[in-house]
4 protein chains.
Amino acid sequence: MPAVRNERSRQAILDASIALIDELGYDKLSIEAIARRAGVGKQTIYRWWSSVGAVVLEAATQSLDPVVAFPDTGDFFADMRSQLVGIVELITTTGFGAAYRGVMAAGQSDPGLLEAVYTEVIEQNETAFQARASIARERGEIRADADVATLRDILYGVIEYRLLHGMSLEAAYIDALLAVAFDGAR
Amino acid sequence: MPAVRNERSRQAILDASIALIDELGYDKLSIEAIARRAGVGKQTIYRWWSSVGAVVLEAATQSLDPVVAFPDTGDFFADMRSQLVGIVELITTTGFGAAYRGVMAAGQSDPGLLEAVYTEVIEQNETAFQARASIARERGEIRADADVATLRDILYGVIEYRLLHGMSLEAAYIDALLAVAFDGAR
Amino acid sequence: MPAVRNERSRQAILDASIALIDELGYDKLSIEAIARRAGVGKQTIYRWWSSVGAVVLEAATQSLDPVVAFPDTGDFFADMRSQLVGIVELITTTGFGAAYRGVMAAGQSDPGLLEAVYTEVIEQNETAFQARASIARERGEIRADADVATLRDILYGVIEYRLLHGMSLEAAYIDALLAVAFDGAR
Amino acid sequence: MPAVRNERSRQAILDASIALIDELGYDKLSIEAIARRAGVGKQTIYRWWSSVGAVVLEAATQSLDPVVAFPDTGDFFADMRSQLVGIVELITTTGFGAAYRGVMAAGQSDPGLLEAVYTEVIEQNETAFQARASIARERGEIRADADVATLRDILYGVIEYRLLHGMSLEAAYIDALLAVAFDGAR
DNA sequence: ATATAAACGAGACGGTACGTCCCGTCTTGTT
DNA sequence: AACAAGACGGGACGTACCGTCTCGTTTATAT
C-alpha cells in the first residue's frame, strides 16, 4: 500500500520537456530545468525515468503514435508516399524533429535509451511495415523476393539520416527516395 | 616569438582524444579530461578548436581519409561493394565508429559542428561519388536518368542509420542494401 | 480502532536510535534511517516526537536516570566524587556520551530541544544537588555562604565542556576539578 | 605557476557567513547560501575550506583575536574579571555567540573541526592564561600549588557551558564564578 | 646573440547541472 | 485511529566540467 503514482506530475513533466525543447532547444534541457518548469522535485523524475532522454522519448512517442498508422488504399506506393510525407511534416512542423534528434544524440552514450528507441519506435514500425508490405507482395505491387526489411531501412533510415544532418526534408525528396527504392538505379 | 602553433601539443590532443574514446567511451570525454591526459593547458584546446566535437572530428577524419578513396575497376557495383565493406570494417574494427557516433551526437546541438561534418566528410564523399557514378552512367552500368544524389544518400545514409542505432553491420547487409538500391523493390 | 499508542513501535524507535548512534555516529542519524531500521513509518515518529534530537534525548535519559541518583554517605566531597566518576564512566563506556553530544549539537539550532534538555536533565540535577548541598552546608562541609548554584555549574559544566571538546575525561581529572571547586585557587 | 588565491573572494565568503548567521541563524547556513550571498562558486569554498564549520570558525576567530588579549594591571583577579566580562560582552552583543555555538554543534560530528577549534582558540588561550597565571603565582596572588590548567577549564568552560545551553551570561555571573574558582566552596 | 611577444602548462574563478539524501507532508490500504 | 509503506515538492550535498581569466615559463623569430 504505497502511495500511488501521481498522474498530474507525470503529464506536467512530459509537457515541460516538450515546451523546453521548442523554446530553448534540446541542449538546454536538463533534469533540473524540467523539474523547475514542471513544478516537481527532481527525485520524482529520477523515480520514474532513467535520464532526460527517456523522458523525451516518452513525450515524443506520445505525439508520434497517431501519425504512423499505416493506411491501405490498395496502392502500396501511394500509401508509402502519404505516410512518409506525414512523417516529414511531423518532423518539420512540430517539435518532434528536435526531440527525436535529441533522443538519438543522448542514445549515442546510453545503450538503454537506444534500446528503448528500438522497442518503442522502430520495432513497432517494422511490424506494421512488414504487414503492409506482405499485402503489397500478394497483390504483386512489389517483387515476390523483395527484401522488405532492407526496403524499410532505406525508407525510414534515409529520412532519419537527413534529419540528423540537418538536411532539407520535403515531399519532393520523398518522391526521389521512393523512385530509387522501388525501381532501383539500373 | 613563437606566434606559431605547437605541433607536439596538437598531436598529443588528438591522440588523447582517440585514447580516451576507446578506453572510456565518448561520453567520458571532456576538455578537462583531454587536457589532463595530453598534458596540455585547457586554453590550448580552446585556442585551436571550438568544442570537444571539433577535436574528435579532426581526429576521426585523419583515420578516414585513406579508406574512402574511390576505386575504379570498371565494375561500379563491385567497386561500391568493396568500398562500403571497407567503411563497415573501419567502423567495426577501429575506434572510428565510436568517434563518429560521438561527433554526430554532439552535432545535434552544435550546428557549426554538423556543418563541419558536412564539409569534411559528406561533401568530399558526394564529389567523389558523383564522379565515379558519372563514369558508370556513361558505361551504361546505371540508368541514364538515375538519381545519383539520392542513391548516395541511401548507400551511406543507411549505414550511418544502422551505426547510430547500434544495429549490426556486416558485409552481407551491404549486399542486401546494394541489391535494393540498384534493382529496386518492384 | 487503536486510538492508542503502539508501545512496540516506541521501543523499536528508541532502540534503533541508540543502535544507529553507536554503529554509525550521531551525524548519520535521520528520521528516515531510524524508521527504516525500526521497521516503522516515518509518520509514526513525527506523530510522537518533534525531531531526531527529541527521540535521542528520550533514549539517552532512559539510560541516565539510574546513574544520577544522589548518594549520601555523610561525606559530601566523597559523594560528589563517586557520582561524578559514575557520570564520566557512563559517558566513556556507553553510547551515552555520543548521544548527549548529538543532542547538544542539535539543540544549538532547536531552542525547544535545548529547553527539553534543561527540564529533563539539568533541572532534575539542580534540584537533587541543591538538596544534597543543603545537608552538607548544615553539617559544615561547605561554607555557609557557599554559592551552591555556581558550584553545580562548575562541577557538571566543566565535564560537559570537556566532553563536547573531545577532551579526555578520567577519575583523576575529577579529583583536580573537585580540588579547585572546593578549595579555590588562592 | 598556478593562478593564485583571490583575496577578494576569501573576504566575501567570510563576510557572507557572518551576515547570514545573524540574519537567519546558523542553521540556515549552507555552502550554497554562502556562495550565493558572496557571489562565488561553491567550488571556491570547497577548495579552501573543508566545511561550513571551518568557514565560520575562521570568520569567528577574526573577531575574537583582539578581545582575548591578556591584560596585566598587577591584579590577577581583576584582570581575569575584565577579560571574562569582555568575552561575555562579545558573545552577547555580537554574532560571535551564535557563530561559536554553530561551530561547536558542527564539531560534534566533525573531529577535524573540533581539533581546529582547539588549535585556533583553546590552545592560544591556554598558553596566554598559563603565562599570566605564572606571574600571578610569583606575586603570591594564587597558591604555589594552584592547578592552573583546571582553573582555566573552569573559568572558560563554564562560560561556554552556559552559552551552549542558552543560559544567561552577565557580569554578575562572572563575579560568582570567580568567587568559587578562587576561594572554593569550603 | 638577444629581446620580445605569442603560445604554453597550470589551475583558480563564477557558474550550472549532476545524481543522491533527507526533510516534513501527503495519500493509500491494513490492522 | 494508529500504523507501514512510500510518493511527493523541495533544498542542500559534494563533484565534474564549463568557458574565462590570470599567472609565470618556454621558445622561435626579428632585430
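Quick note on labels: first sequence line is chain A, next is B, and so on, each numbered from 1.
Across all non-hydrogen atoms, the minimal contact from B:L113 to B:A106 is CD2-CB, 3.6 Å. Annotation for B:I45 and B:A35: closest pair CD1-N, 3.9 Å, computed over non-hydrogen atoms. Here the shortest heavy-atom pairing between B:V55 and B:L14 reads O-CD2, 3.7 Å. Here the closest heavy-atom approach between residue C:G95 and residue C:D22 is recorded as CA-OD2, 4.4 Å. Closest heavy-atom contact between B:V52 and B:Y26: C-OH, 4.5 Å.
Cation-pi check for B:R10 over B:W48 is not met; the charged atom does not lie both under 6.0 angstrom from the ring centroid and within 45 degrees of its normal.
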Determine which bases of DNA chain E form Watson-Crick or G-U wobble pairs with both distances under 3.5 Å, and write the result as a 5' to 3' dot-bracket string with | for other-strand partners. |||||||||||||||||||||||||||||||
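The closest donor-acceptor contact from the side chain of D:S30 to the backbone of D:A33 lies under 3.5 Å. In this structure, D:S17 contributes its side chain and D:I13 its backbone to a donor-acceptor pair below 3.5 Å. Proximity of a side-chain donor or acceptor of C:Q108 to a complementary backbone N or O of D:L164 within less than 3.5 Å is detected.
Put simply, OH on A:Y46 is 15 Å from C1' on F:dG10, counting in whole angstrom units. If you measure from atom CD of B:E7 to atom P of E:dA7, you get 15 Å, rounded to the nearest angstrom. Separating the CD1 atom of B:I45 from the C1' atom of F:dT20 is a distance of 15 Å, rounded to the nearest angstrom. In this entry the distance linking CD of B:Q43 with C1' of F:dC21 reads 8 Å, nearest Å.
Side chain of C:N6, nearest nucleotide from E:dC13, F:dC3, E:dC22: F:dC3. The side chain of B:K42 lies closest to F:dT20 when the candidates are F:dT20, E:dT20, F:dG9. The nucleotide whose nearest atom lies closest to any side-chain atom of B:R5 is, among E:dG19, F:dA4, E:dC8, E:dC8.
Remark: B:S9 is not in phosphate contact with E:dA7, judged by side-chain N or O atoms under 4.0 Å from OP1 or OP2.
Contacts between residues 47-54 of chain D and DNA chain E, defined by a heavy-atom separation below 4.0 Å, involve D:R47, D:W48, listed by number. Proximity of residues 12-38 of chain C to DNA chain F (heavy atom under 4.0 angstrom from any strand atom) is not detected for any residue.
Within a 6.0 Å radius of CD in C:E115, other residues, nucleotides and ligands contribute 12 heavy atoms or fewer.
In summary, C:E23 and C:R37 engage in a salt bridge, as defined by a charged side-chain N under 4.0 Å from a carboxylate O.
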